[in-house]
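Since the structure comes first, as structure tokens, the remarks are kept for the end.
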Amino acid sequence: MDIYEKIVELLKRRGFLWPSFEIYGGVRGFVTYGPLGAELKHRIEEKWREWFVYKQGFVEIESPVIMPEVVFKASGHLDHFTDPIVECLNCKRKFRADHIVEEATGMVVEGLSPKEIEEIIKKKNIRCPECKGQLGQVNVFNLMFKTTIGPYSENRGYARPEAAQGMFVEFKRVFTAMREKLPLGIAQIGKVLRNEISPRKGLIRLREFTIMEVEVFVDPEDLSCPKLSEVEDEELRLITAEMRARNEEKPLVVTAREAVEKGYISAEWQAYFMVISKYFLSSLGIPWERQRFKEQMPWEKAHYSKQTFDHEVYLERFGWVEVAGHAYRTDYDLKRHMEHSKVDLTVFKRYKEPRIVEKVVVKPLGDVIKTDFGDNASKIIKLLKNIDPRELKNSFESEGYYEFDGNRIEPRHVKIEVKKEKITGRRFIPHVFEPSFGADRLVYATLECSYSVKENRVILKLPRDLAPIQVAVFPLVNKNGLPNIARDIWNMLKEEGIRATYDDSGSIGRRYARADEIGIPIAITVDYQTPKDSTVTLRDRDTWKQVRMPVDKLLNSLLDYFKGKKNFNELGICQE
RNA sequence: GCGGGGCUAGUCUAGCCUGGUCUAGGACGCCGGCCUCCCAAGCCGGUUACCCGGGUUCAAAUCCCGGGCCCCGCACCA
């Protein structure tokens with residue numbers, strides 16, 4: 001049994017998570033989080049919020065999972081989130097149409113339409129690679145889940161394959177609500193769906209999963225990240241696309257600042273978020289040696305991305321697995337939504353000082369034009385209103401006239417004025433940086449990194465602030481009133497917001513073992529000394545050390561401990 | 001989607017090749033009780049299973065067919 005199997009077994013047995021719909025045989029690519037798993041996942045999401053929302057001064061929204069077709073037409077997912085598929089008419093096998101053409105001809109067909117691929121197949125008489133049978137029509141398989149909105153089938157909708165589109169579609173409202181300031185970070189945690197052809201590997205590839213994304217909107221003329229200086233000395237481990245092209249797999253270790261200055265990372269915001277990403281994963285207990293950033297090759301990148309670095313984690317069974325993507329989406333999405341919605345999604349930015357610019361203005365002289373051009377006059381006037389004044393001026397200077405459609409326009413037809421204009425700012429489409437995390441993969445990575453074995457017993461060494469259950473309360477034995485005292489302590493802690501459990505079944509050692517296995521950081525034991533002096537022992541999950549402390553100090557000490565203000569040894573008097 | 005391997009209680013597994021002795025065995029867990037002054041101790045009792053459907057046969061966990069799911073390889077993973 002490898003560690004993956006051991007973890008899967010533990011997760012099922014103790015109620016973290018399991019494959020969904022088991023009583024009906026199950027469906028691949030779906031999991032259900034049980035009592036402990038749901039809590040753990042919430043904790044990871046909450047931690048992400050701390051790093052990527054609260055500390056950044058960003059804001060979170062929640063937008064629908066189902067979206068109308070037009071959103072994905074605009075976003076490009078309808079066209080790009082697909083694979084072209086061709087079926088052999090003889091053996092009925094299905095193939096990636098583009099791969100077949102590439103193999104048979106060596107042509108690069110990426111970006112061609114299904115029709116174009118089909119034509120190539122016909123023209124070159126490409127046959128089924130398995131049975132040499134004739135190939136049929138090239139169809140596209142879209143990886144989005146399709147549905148109808150309401151009762152009319154023409155009202156098509158899709159489940160979102162990323163949360164990002166919600167942020168783009170609602171950008172204007174959020175921007176206004178946040179009083180029109182850039183940079184603006186909009187975050188969202190939510191379910192997304194992808195109709196994977198063949199999902200595998202448990203939590204690593206699901207059809208329905210949780211994504212945690214930030215879209216940071218910035219001024220394209222000022223791509224600098226003001227917060228990079230706070231973290232610029234932090235080291236990153238990079239495998240750039242250029243290194244990958246040379247088969248260089250040993251990561252380059254550079255500071256965030258260096259990575260930007262030497263051009264490995266195309267923008268400061270990217271580098272900044274990669275450092276925050278490192279901090280976040282480290283806070284989940286994922287060691288830095290098991291993390292790296294790998295740049296996507298041009299053909300791997302999504303249609304909207306200018307540069308993408310995947311944040312990868314090393315897992316024993318699966319090797320390096322992507323848990324986050326850091327993409328520079330430029331103005332792609334907002335631009336596309338502007339085109340499709342016809343709504344202006346540009347932002348206006350005031351200059352510090354209004355600028356006075358000199359503007360050359362062409363004023364057509366109607367009377368003269370009418371006299372000279374007669375019926376053509378209105379056409380000429382229209383032209384002159386739209387013409388670039390410089391072009392006209394240059395033509396006058398060099399030729400003495402400007403020729404348009406067989407008409408000679410001479411300086412006497414117009415009045416050219418130089419006007420002073422006050423410009424208070426400019427309009428532009430913001431550019432977007434996107435860190436995007438797969439929550440479920442992080443749940444697994446967190447579990448794998450915290451899984452340990454001590455004296456043949458499993459200990460889940462979850463960071464204390466991730467543990468689904470914070471403390472366990474035990475009576476040392478089930479007599480002499482100890483259970484009642486323990487229950488009182490348990491109730492008190494629950495009342496005060498500590499997630500506590502009570503267990504009096506089996507020997508004390510067995511109960512410690514049960515608690516260790518699900519990662520409860522602290523066990524409180526009520527023993528024979530407790531009725532005498534109102535003290536209890538606290539036992540540390542990772543070291544099995546014990547300290548003794550008064551019951552009335554318990555709550556505050558635990559709160560300090562879980563906030564990270566105190567370590568276990570500082571909680572009380574060590575018992576050896 | 002293709003090829004290979006697999007599926008027996010909460011978990012891990014014996015049995016399958018060679019059909020009947022399987023009313024399906026074990027270990028651990030879990031629940032209740034006893035015991036117990038600190039690390040899966042002991043004792044008593046309880047709990048739970050042949051992935052689903054069809055076929056062959058007097059008889060199927062076992063053989064055959066179809067499906068589901070899991071694992072591995074290929075493919076796929078915007």
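Quick note on labels: first sequence line is chain A, next is B, and so on, each numbered from 1.
- Here A:Y304 lies in heavy-atom contact (under 4.0 Å) with a base.
- At the heavy-atom level, A:Y4 lies under 4.0 Å from the strands shown only through sugar-phosphate atoms.
- Aromatic ring pairs are classed by plane angle as parallel below 30°, tilted from 30° to 60° and perpendicular above 60°; the pair A:Y158 and A:F72 is perpendicular.
- For the pair A:E316 CD and B:C71 C1', the computed distance is 17 Å after rounding to whole Å.
- Between B:C71 and A:R317, no contact under 4.0 Å exists linking OP1 or OP2 to a side-chain N or O.
- Atom NZ of A:K201 and atom P of B:C74 are 9 Å apart (whole Å).
- Rounded to an integer number of Å, the gap from NZ of A:K6 to C1' of B:U13 is 16 Å.
- The nearest whole Å value for the distance from the CZ atom in A:F474 to the P atom in B:A40 is 13 Å.
- Defined by atom type and a distance below 3.5 Å, a donor-acceptor pair is present between the side-chain atoms of A:Q165 and A:D333.
- Side chains of A:H326 and A:T308: a donor-acceptor N/O pair is absent below 3.5 angstrom, by distance only.
- As rounded to whole Å, 18 Å separates atom C1' of B:A40 from atom CZ of A:R541.
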Collect all protein-nucleotide pairs involving nucleotides 65-68 of chain B in which both atoms are nitrogen or oxygen and the distance is under 3.5 Å.
residue, atom, partner, partner atom, Å
B:G68, O2', A:G25, O, 3.2
B:G68, O2', A:G26, O, 3.4

Give every donor-acceptor pair under 3.5 Å between a side-chain atom in residues 475-482 of chain A and any protein atom, sequence neighbours left out.
residue, atom, partner, partner atom, Å
A:N478, ND2, A:D504, O, 2.9

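- Backbone-only contact: A:G202 has heavy atoms under 4.0 Å from sugar-phosphate atoms and none from a base.
- Classified by interplanar angle (parallel below 30°, tilted 30° to 60°, perpendicular above 60°), the ring pair A:F145/A:F30 is tilted.
- Looking only at atom types and distance, the side chain of A:D533 has a donor-acceptor partner in the side chain of A:T535 under 3.5 Å away.
- For the pair A:R464 and A:F562, the cation-pi criterion (under 6.0 Å, within 45° of the ring axis) is not fulfilled.
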**Q.** Nucleotide-resolved protein contact map, nucleotides 32-39 of chain B, B/S/- at heavy-atom distance under 4.0 Å
**A.** ----BBBB
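- Below 30°, between 30° and 60°, or above 60°: for A:Y304 and A:H77 the angle between ring planes is between 30° and 60°, a tilted geometry.
- Nucleic acid contact for A:H77: none, since no nucleic acid atom lies under 4.0 Å from a heavy atom of the residue.
- Counting only N and O atoms by type, the side chains of A:E62 and A:Q188 include no donor and acceptor under 3.5 Å apart.
- A:E5 places its CD atom 11 Å from the C1' atom of B:C12, with the value rounded to the nearest Å.
- Taking atom CG of A:N456 as the reference point, atom C1' of B:C28 lies 12 Å away to the nearest angstrom.
- Comparing the C1' positions of B:G54 and B:A14 gives a spacing of 28 Å, expressed to the nearest Å.
- As a whole-Å value, the separation of A:I459 CD1 from B:A40 P is 12 Å.
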